[in-house]
Amino acid sequence: MLILGIETSCDDTSAAVVEDGIRVCSSVATNQDAFHAKYGGIVPEIASRQHVALLSAAIEDAAQRASVSLDGIDGIAVTRGPGLIGSLVVGVASAKALAFALHKPLYGINHLHGHIFATFLDRDGDVPHYPLLTLLVSGGHSQLVEVESATEMHVIGRTTDDAAGEAFDKSARLLGLPFPGGPEIDKLAREGNPQAIKFPRHRAEPGSLDMSFSGIKTAVRYFIESDEGKKASKADIAASFQTAVVDVLMQRLAMAFERKPYTSVVLSGGVAANSALQHALRDWGKRTNVPVFIPPPKYCTDNAAMIGAAAAHQGEAVRVDPLTLSADPNLPFEL
Ligand SMILES: Nc1ncnc2c1ncn2[C@@H]1O[C@H](COP(=O)(O)OP(=O)(O)OP(=O)(O)O)[C@@H](O)[C@H]1O
Ligand SMILES: [Mg+2]
């Protein structure tokens, strides 16, 4: 089954063709880095205008690269939320028009479910098994999700303030690094000492898997403004910050696993591309003998292949009528 995936929830304009929810036939993505450099972040109005300008060509390009005509596609999947409303509407309107004109089934996908199904892409059959535990860490979310099946998922722990990706981006800005800051901190941290500065780690409340990152971010700000901080190397600050975030995430993940054993553990969302987090999770997997799955970096951050994959895995549960599908910037996580 060939699914055309469309993803425009934030500022990446992406289209992809995915076979059977596991093989990526093509994946086209354009980012808006030029605007990030100019404005220091995402400007919603610019992001949606760029989607209007780029999406049709991205869809055609994805079909061409997969050597399939749009008529040869079996279904169309689109991110319906959560995300920026102006951005979502561009993808949803295009998908509805295509599904209606081509008489193809339409699938309305939750962007966060997409991040989870990214883990099934291009793995040569070596896929995670249910029930699995996902640590979903991205620009807007940080949560532990118990995935019982493709359509039954429960959030069992979440950030009470900033998302991990947001903490990376804000701390990077304090260090004078460009947006998005996660990859920049990751790179710089390789030259630093992760034990140089003791940034605080959020402790779990009794019985809770919730986490918090605003304290670490504030501690970075105070440290940079201090006399000691003015003399410290940026690489040491980046490495120490990154270790603090990874410690909190890994501690909550281990706690979740102590409560209930899962068949596999999956890392998803943009922050899943972080090398220190990947290293810590692989290490944990080896020590505990639990199979660990991490998508390749290009499928960690926003992409349309993960949306096509989610549609194939979730099937009828997310199939919608082209005339009634609407974008929902606050789409709830559970189906
Ligand atoms: N190597 C990395 N290390 C740490 N963070 C990273 C890395 N690569 C990307 N990120 C972070 O991932 C985030 C982007 O992830 P993603 O594209 O999934 O977020 P989003 O789509 O904006 O948010 P959401 O998925 O919650 O709606 C950014 O905060 C970015 O800094
Ligand atoms: Mg995302």
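Remember, it's 1-based here, ligands and their atoms both numbered in the order they're listed. We number each residue from 1, following the sequence as shown. Being a predicted model, the structure only gives us computed values, none of them experimental.
Screening V265, T119, L133, V292 for a side-chain contact (heavy atoms from CB on, under 4.5 Å) with P128, the sole residue that qualifies is T119.
Of the possible donor and acceptor atoms, one in the side chain of S240 sits under 3.5 Å from a partner among the backbone N and O of N193.
Checking S212 against D161 by side-chain atom types alone, a donor-acceptor pair falls below 3.5 Å. Remark: the H279 side chain and the N274 side chain contain no N/O donor-acceptor pair separated by less than 3.5 Å. For the 3.5 Å distance criterion, the side chains of S214 and D162 fail to qualify, holding no donor opposite an acceptor. For the residue pair H115/D302, the side-chain donor-acceptor check at 3.5 Å is satisfied. Side chains of S9 and H111: a donor on one and an acceptor on the other come within 3.5 Å. In the model, Q314 has a side-chain atom that pairs as donor or acceptor with a side-chain atom of H113 under 3.5 Å.
Only the side chain of D186 comes within contact range of ligand 1, with a heavy atom under 4.0 Å; no backbone atom does.
An N or O contact shorter than 3.5 Å is missing between C10 and ligand 1 by distance. Inclusion of S275 in the set of residues having an N or O under 3.5 Å from an N or O of ligand 1 is not warranted. In terms of N/O distances under 3.5 Å, ligand 1 is not approached by T301. Checking only distances, G269 never comes within under 3.5 Å of ligand 1, N or O to N or O. Between E166 and ligand 1, no pair of N/O atoms sits closer than 3.5 Å. In terms of N/O distances under 3.5 Å, ligand 1 is not approached by F168. The shortest N/O to N/O separation between P82 and ligand 1 does not fall below 3.5 Å.
Between I3 and I73, the closest side-chain pair of non-hydrogen atoms is not below 4.5 Å. Using a 4.5 Å heavy-atom threshold, the side chains of Q242 and D186 count as touching. Within the 4.5 Å cutoff, side-chain heavy atoms of M153 are placed close to those of I116.
Seen from the Mg ion (ligand 2), atom NE2 of H115 and atom OD1 of D302 lie 100° apart in angle, a value rounded to 10°.
At a threshold of 2.8 Å, the Mg ion (ligand 2) has a backbone or side-chain N, O or S atom of H111 nearer than that distance. The Mg ion (ligand 2) lies at 2.8 Å or more from every N, O or S atom belonging to C10.
At the shortest separation from atom 23 (O) of ligand 1 among protein heavy atoms lies G140 N, 3.2 Å. G182 CA, 3.6 Å is the protein heavy atom nearest to atom 6 (C) of ligand 1.
Compare A272, C300, G270 by their heavy atoms: the one nearest to atom 12 (O) of ligand 1 is in G270.
Of all atoms in ligand 1, numbered sequentially from 1 with element shown, those under 4.0 Å from a heavy atom of S138 are 18 (O), 19 (O), 23 (O), 24 (P), 25 (O), 26 (O). Listed by number with element, the atoms of ligand 1 under 4.0 angstrom from any heavy atom of G165 are 29 (O). Those atoms of ligand 1 with a heavy atom of D169 less than 4.0 angstrom away are 28 (C), 29 (O), 30 (C), 31 (O). Those atoms of ligand 1 that come under 4.0 Å of a heavy atom in H115, given as number and element, are 18 (O), 25 (O).
For P183, the closest heavy-atom approach to ligand 1 falls below 4.0 Å.
For K170, the NZ atom counts as densely surrounded, since its 6.0 Å shell holds more than 12 non-hydrogen atoms of other residues, nucleotides or ligands.
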